[in-house]
A.B. asks: 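Take this structure, written in structure tokens, and hold onto it; I'll ask about it next.
What you are looking at is a predicted structure, and each value in this text was computed from that prediction instead of being measured.
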Amino acid sequence: MSAQTNVGFAKEASRQILAGGSAGLVEICLMHPLDVVKTRMFGFYKGILPPILAETPKRAVKFFTFEQYKKLLGYMSLSPALTFAIAGLGSGLTEAVVVNPFEVVKVGLQANRNTFSERPSTMSYARHIIKKEGLGLRGLNKGFTATLGRHGVFNMVYFGFYHNVKNIIPINKDPTLEFLRKFGIGLLSGTIASVINIPFDVAKSRIQGPQPVPGEIKYRTCFKTMATVYQEEGILALYRGLLPKIMRLGPGGAVMLLVYEYAYSWLQESW
């Protein structure tokens, strides 16, 4: 991507947000059938609208904040390798702040769907959580530290690995081979990031999901939850669900990075 230092902040930010949103939109459209396959073998795009509405702005935040943190870190005496990793960490932490309340509502709706006589809307269930538990770490922001870890670690590895390895492996003049070079690095980025961050994902699910004994809170904090799971269920329990996660975020992560880069380059040339 070529740098254009004379472009105003608003225009450059708009390009990054549009490219990031496009990356999320395309990734959902391509990868959503994998979610559906887990429960049915038809209607691959049934229920795709809610993920699109949630993931498109979420991915826009991810890529926009990564670019902004990277720009800010450029004023410091850091190596490019460290800059990419720290910018990715910052992007993930920012993303976590934005998405955690939505994750609490989503997990609550999924976990309690059999107890509802009539499924509540997302907004009505969010109001129910706020009324009952408030906005804090026991209410709409339950599992906040685990979400910070999940998104922070994932994006640190995801962006850090992708940009550092991409700069090491020479660019290929053949457009097809160049596409495959980037896709392969993106695939590895999403896969490695998934392997490293899944214990945080498990902790988040335990904290935000239903507790083993109704009325008793067993899982409260991120690292204590990890320790409890490890002690009671073994190390493999911290990696439960890894294969479907890799199947989704490996190729999905590659798709997002490539769509972002190509969309951003197109916006630079045409707008």
Side-chain angles (χ1 to χ4, degrees), residues 1-3 15-34 55-56 58-71 73-74 78-95 149-198 200-201 239 242-269:
M1 291 181 287
S2 59
R15 289 172 176 170
Q16 293 163 359
I17 291 169
L18 284 171
S22 300
L25 175 63
V26 173
E27 190 266 345
I28 284 293
C29 290
L30 291 177
M31 305 308 295
H32 182 72
L34 282 179
E55 294 298 318
T56 301
K58 176 178 160 183
R59 302 313 186 192
V61 168
K62 176 200 288 283
F63 284 95
F64 170 68
T65 54
F66 172 73
E67 296 291 351
Q68 297 310 307
Y69 285 124
K70 187 173 69 173
K71 185 177 179 181
L73 290 166
L78 298 175
S79 67
L82 196 56
T83 296
F84 291 130
I86 295 175
L89 174 63
S91 168
L93 295 177
T94 305
E95 185 183 31
R150 184 179 78 153
H151 288 268
V153 170
F154 182 89
N155 284 328
M156 179 178 67
V157 177
Y158 178 65
F159 284 116
F161 184 90
Y162 178 76
H163 287 286
N164 283 301
V165 173
K166 190 182 74 167
N167 289 341
I168 294 171
I169 300 177
I171 296 173
N172 201 300
K173 293 181 180 179
D174 184 292
T176 302
L177 293 177
E178 175 61 11
F179 176 87
L180 291 175
R181 178 185 79 99
K182 290 181 177 179
F183 185 87
I185 300 169
L187 179 66
L188 278 174
S189 301
T191 300
I192 294 170
S194 297
V195 172
I196 293 175
N197 94 317
I198 194 168
F200 292 96
D201 209 354
Y239 292 86
L242 178 60
L243 183 58
K245 183 173 181 176
I246 287 175
M247 289 175 63
R248 172 65 188 270
L249 292 178
V255 167
M256 279 196 297
L257 286 164
L258 265 67
V259 171
Y260 177 80
E261 290 198 357
Y262 285 112
Y264 183 76
S265 295
W266 180 80
L267 287 167
Q268 281 186 313
E269 293 172 4

A.B. asks: Are Phe64 and Tyr260 an aromatic pair by the rule of ring centers under 6.0 Å?
C.D. replies: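 No, too far apart.
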A.B. asks: Just so I know, are the side chains of Arg15 and Glu67 near enough to count as touching, which here means a heavy-atom distance under 4.5 Å?
C.D. replies: no
A.B. asks: Hey, does Gln16 have a side-chain heavy atom less than 4.5 Å from the side chain of Gln68?
C.D. replies: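 They are in contact (side-chain heavy atoms under 4.5 Å apart), so the answer is yes.
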A.B. asks: Hey, what do you get for CD1 (Ile192) to CZ (Phe161), rounding to the nearest 0.5 Å?
C.D. replies: 4.0 Å
A.B. asks: Should Asn197 and Val157 count as side-chain neighbours, where that means a heavy-atom distance under 4.5 Å?
C.D. replies: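 No. Closest side-chain heavy atoms not under 4.5 Å.
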A.B. asks: If you look only at distance, which donor and acceptor atoms sit under 3.5 Å apart when one is on a side chain in residues 169-177 and the other is two or more places apart or in another chain?
C.D. replies:
unit_1, atom_1, unit_2, atom_2, d
Asn172, OD1, Asp174, N, 3.0
Asp174, OD1, Thr176, N, 2.8
Asp174, OD1, Leu177, N, 3.1

A.B. asks: Roughly how far apart are Leu180 CG and Leu187 CG, rounded to 0.5 Å?
C.D. replies: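 If we round to the nearest 0.5 Å, Leu180:CG and Leu187:CG are 11.5 Å apart.
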A.B. asks: Do Glu261 and Lys166 meet the salt-bridge criterion of a basic N to acidic O distance under 4.0 Å?
C.D. replies: yes
A.B. asks: Of Lys71, Glu95, His163, which meets side chain to side chain contact (heavy atoms under 4.5 Å, CB included) against Phe66?
C.D. replies: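 It is His163, the one option of Lys71, Glu95, His163 that forms the side chain to side chain contact (heavy atoms under 4.5 Å, CB included) with Phe66.
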A.B. asks: How far apart are the C-alpha atoms of Glu27 and Arg248, what are their side-chain angles, what is the distance that settles it, and do they pass the salt bridge (Lys or Arg N to Asp or Glu O under 4.0 Å) test?
C.D. replies: CA-CA 10 Å; Glu27 190 266 345; Arg248 172 65 188 270; 3.1 Å; yes
A.B. asks: Classify the ring geometry between Phe63 and Phe159 as parallel (under 30°), tilted (30 to 60°) or perpendicular (over 60°).
C.D. replies: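 Because their plane-to-plane angle is over 60°, the rings of Phe63 and Phe159 count as perpendicular.
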A.B. asks: Report the C-alpha distance between Val26 and Val255 in whole Å, list the side-chain angles of each, state the deciding distance to 0.1 Å, and finish with yes or no for side chain to side chain contact (heavy atoms under 4.5 Å, CB included).
C.D. replies: CA-CA 8 Å; Val26 173; Val255 167; 3.9 Å; yes
A.B. asks: On a heavy-atom basis, which atom in Met156 and which in Ala85 lie closest, and how many Å separate them?
C.D. replies: CG-O, 3.3 Å
A.B. asks: Would you say the side-chain atoms of Tyr158 pair up with the backbone N or O of Gly253, donor to acceptor, closer than 3.5 Å?
C.D. replies: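 Side chain of Tyr158 to backbone of Gly253, a donor-acceptor pair under 3.5 Å: yes, one is there.
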A.B. asks: Under the side-chain contact (heavy atoms from CB on, under 4.5 Å) rule, collect the residues that match up with Ile246, sequence neighbours excluded.
C.D. replies: Thr191, Ser194, Val195, Leu242
A.B. asks: Check Gly186 against Ala254 and note the closest heavy-atom contact, atom names and distance.
C.D. replies: C-CB, 3.6 Å
A.B. asks: Nearest 0.5 Å, what's the CZ-CD1 distance between Arg150 and Ile196?
C.D. replies: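 These two atoms lie 16.0 Å from each other.
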A.B. asks: For Tyr262, is the NZ or CZ atom of Lys182 found under 6.0 angstrom from the centre of its six-membered ring and inside 45 degrees of the ring axis?
C.D. replies: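 Verdict for Tyr262: a cation-pi partner in Lys182.
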A.B. asks: For Thr65, enumerate each residue passing the side-chain contact (heavy atoms from CB on, under 4.5 Å) test, keeping only those at least two apart in sequence or located in another chain.
C.D. replies: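 side-chain contact (heavy atoms from CB on, under 4.5 Å) list for Thr65, sorted by chain: Val61, Tyr69, Ser91, Thr94.
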A.B. asks: If I take atom CG from residue Asp201 and atom NZ from residue Lys245, how far apart are they, to the nearest 0.5 angstrom?
C.D. replies: 4.0 Å
A.B. asks: Looking at CZ of Phe183 and CG of Leu257, how far apart are the two atoms once the value is rounded to the nearest 0.5 Å?
C.D. replies: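 Answer for the CZ-CG pair, Phe183 versus Leu257, is 10.5 Å.
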A.B. asks: Before giving the answer on side chain to side chain contact (heavy atoms under 4.5 Å, CB included), spell out for Leu18 and Leu267 the whole-Å C-alpha distance, their side-chain angles and the decisive distance to 0.1 Å.
C.D. replies: CA-CA 9 Å; Leu18 284 171; Leu267 287 167; 3.9 Å; yes
A.B. asks: Compare every heavy atom of Asn164 with every heavy atom of Gly160, then report the nearest pair and how far apart it is.
C.D. replies: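 Smallest heavy-atom distance, with atoms named: O-ND2, 2.6 Å.
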A.B. asks: Roughly how far, to the nearest 0.5 Å, is OG1 of Thr83 from CG of Leu73?
C.D. replies: 5.5 Å
